[in-house]
Amino acid sequence: MGLITISQHYDAYLPEDHETWAALAKRQIALHNGRISKAYLDGYEKIQLDEYRIIKMDEMSERLHKIAGWTITPVTGLIPTRDFFYMIINKKYPVNISMRKPWEMDFSEQPDIFHDAFGHLPLLTNEKFTRFLTAYSTIALKYVHHEKAIDFLGQLYWFTYEMGIINEQGENKPYGAAIITSKDEIANVYNDAIPKYVFDLDHIFRTPYNPFKLQKEYFIIDSFDDLFDSIQHLELRLNEHLMLAEKDHTKSDYSLNTL
């Protein structure tokens, strides 16, 4: 696979790193009250993230494996797209070892351990969602050298695992990591002026995104079955969009695992 395995070096974290983690976790937990999907909260309860100190990845990896069959792979910065898909197929989730700085509390442009742990790990306990994620990655791996295909597939990843919303008993609640770990994005989701659309592959493939600004639209699923069921149509819809050369699709200059 070509991915260099790194170690967390837990003792390298500074006291201020743990303080930032604890402050973010406290705010995060306050935001959970009635505003986050049950699917996420169920996973959060299962994996028992440390709310006061940065997680030790080896311990969390062992716990996650016992619960859901997934493990954690420590990484730094962005990893190659091909490696990312291989890891997902093999139920290994990349988690960045870096911790954002205190002045990046509201937003960190670079991947960090808080976003990866609090945002992504809880949902890995949801079998229906992970079936979608691994099937998606299997298909994506076939197109890894096709830049435009990866753009489209990146949009699908963005509007699901990062910015996804699920209808739970008539209420639209976020399950996407980039919403859940952002107080401003959570507020944005609950802004009635921001459009929320029914999950649709064609619509998503036509919708560019900007990871550095609050979103202008979101897509809603009724259950994680909607995501997994879309897999059977994914390649067909992807190839049809790839053949629409006359359409001006805006390229998203954004890697799948940036946040």
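Keep in mind that what you see is a predicted model, and the values were worked out from it rather than measured.
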Over all heavy atoms of both residues, which pair between [X] and [Y] is shortest? Give the atoms and the distance, please.
X	Y	answer
Ala140	Ile150	O-CD1, 4.1 Å
Ala23	Met105	CB-CE, 3.7 Å
Ser61	Thr71	OG-CB, 3.3 Å
Gly164	Ile179	O-CD1, 3.8 Å
Lys101	Asp17	NZ-OD1, 4.4 Å
Leu201	Ser230	CD1-O, 3.6 Å

Verdict with supporting geometry, Leu124 and Lys91, side-chain contact (heavy atoms from CB on, under 4.5 Å): CA-CA 9 Å; Leu124 294 180; Lys91 293 189 174 183; over 6 Å; no
Could you tell me whether the side chain of [X] and the main chain of [Y] form a donor-acceptor pair under 3.5 Å?
X	Y	answer
Glu217	Pro195	no
Tyr10	Ile54	yes
Gln8	Ile55	yes
Ser98	Gly77	no
Glu162	Ala178	yes
Ser108	Gln110	yes
Gln215	Lys213	yes
Ser37	Pro174	yes
Arg63	Gln48	yes
Glu235	Ile139	no

Side chains of [X] and [Y]: closer than 4.5 Å at any heavy-atom pair?
X	Y	result
Lys128	Phe228	no
Ile221	Tyr175	yes
Ile113	Tyr13	yes
Asp42	Thr125	no
His32	Leu41	yes
Lys38	Lys173	no
Arg27	Asp106	yes
Asp226	Ile166	no

side-chain contact (heavy atoms from CB on, under 4.5 Å) evaluation trace for Ile47 with Ile67: CA-CA 8 Å; Ile47 64 175; Ile67 295 170; 4.2 Å; yes
Member of Ile88, Ile231, Leu227, Thr160 meeting the side-chain contact (heavy atoms from CB on, under 4.5 Å) criterion with Tyr136: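 Only match with Tyr136 under side-chain contact (heavy atoms from CB on, under 4.5 Å): Ile231.
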Candidate pair Ile97 and Met57, rule side-chain contact (heavy atoms from CB on, under 4.5 Å), full reasoning: CA-CA 9 Å; Ile97 62 171; Met57 289 196 194; 3.7 Å; yes
May I ask you to check whether [X] and [Y] place their ring centers less than 6.0 Å from one another?
X	Y	result
Phe205	Phe152	yes
Phe159	Phe199	no
Phe84	Tyr157	yes

How long is the gap from [atom1] on [X] to [atom2] on [Y], to the nearest 0.5 Å?
X	Y	atom1	atom2	value
Thr134	Trp70	OG1	CH2	6.0 Å
His65	Lys92	NE2	NZ	8.0 Å
Ile89	Leu141	CD1	CG	5.0 Å
Lys148	Leu242	NZ	CG	8.5 Å
Tyr52	Lys26	OH	NZ	9.0 Å
Leu238	His146	CG	NE2	8.0 Å

Crowding at [atom1], [X] (>12 non-hydrogen neighbours, <6.0 Å):
X	atom1	value
Lys196	NZ	yes
Asn191	CG	yes
Glu45	CD	no

Same apolar cluster (I L V M F W Y, side chains within < 4.5 Å links), Tyr209/Leu214: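 No, no single cluster joins them.
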Single-linkage hydrophobic cluster Val198~Ile165, side-chain heavy atoms < 4.5 angstrom: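 No; tracing contacts between hydrophobic side chains, which count when under 4.5 Å, never links both residues.
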Counterpart residues, ring-ring contact (aromatic ring centres under 6.0 Å, His included), relative to Phe118 (two or more places apart):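 In terms of ring-ring contact (aromatic ring centres under 6.0 Å, His included), with neighbours along the sequence ignored, Phe118 is linked to Trp21, Tyr44, Phe114.
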N-O pairing of Glu62 and Lys66 below 4.0 Å: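 Looking at Lys66 together with Glu62, the answer is yes, because their closest N to O distance falls below 4.0 Å.
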Pairing of Asp200 and Arg237 as salt bridge, 4.0 angstrom limit: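 So Asp200 does not pair with Arg237 through a salt bridge.
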Aromatic ring pairing Phe224/Phe129, orientation class (parallel under 30°, perpendicular over 60°, tilted between):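 Phe224 vs Phe129 ring planes: perpendicular.
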Plane angle bin for Phe219 and His203 - parallel if under 30°, tilted between 30 and 60°, otherwise perpendicular: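 Correct class here is perpendicular.
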Donor-acceptor pair between Asn188 and Tyr218 side chains, under 3.5 angstrom: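 Yes, because at least one side-chain N or O of Asn188 sits under 3.5 Å from a partner of the opposite role on Tyr218.
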Step-by-step side-chain contact (heavy atoms from CB on, under 4.5 Å) determination, Met99 to Leu24: CA-CA 11 Å; Met99 182 66 208; Leu24 284 167; 3.7 Å; yes
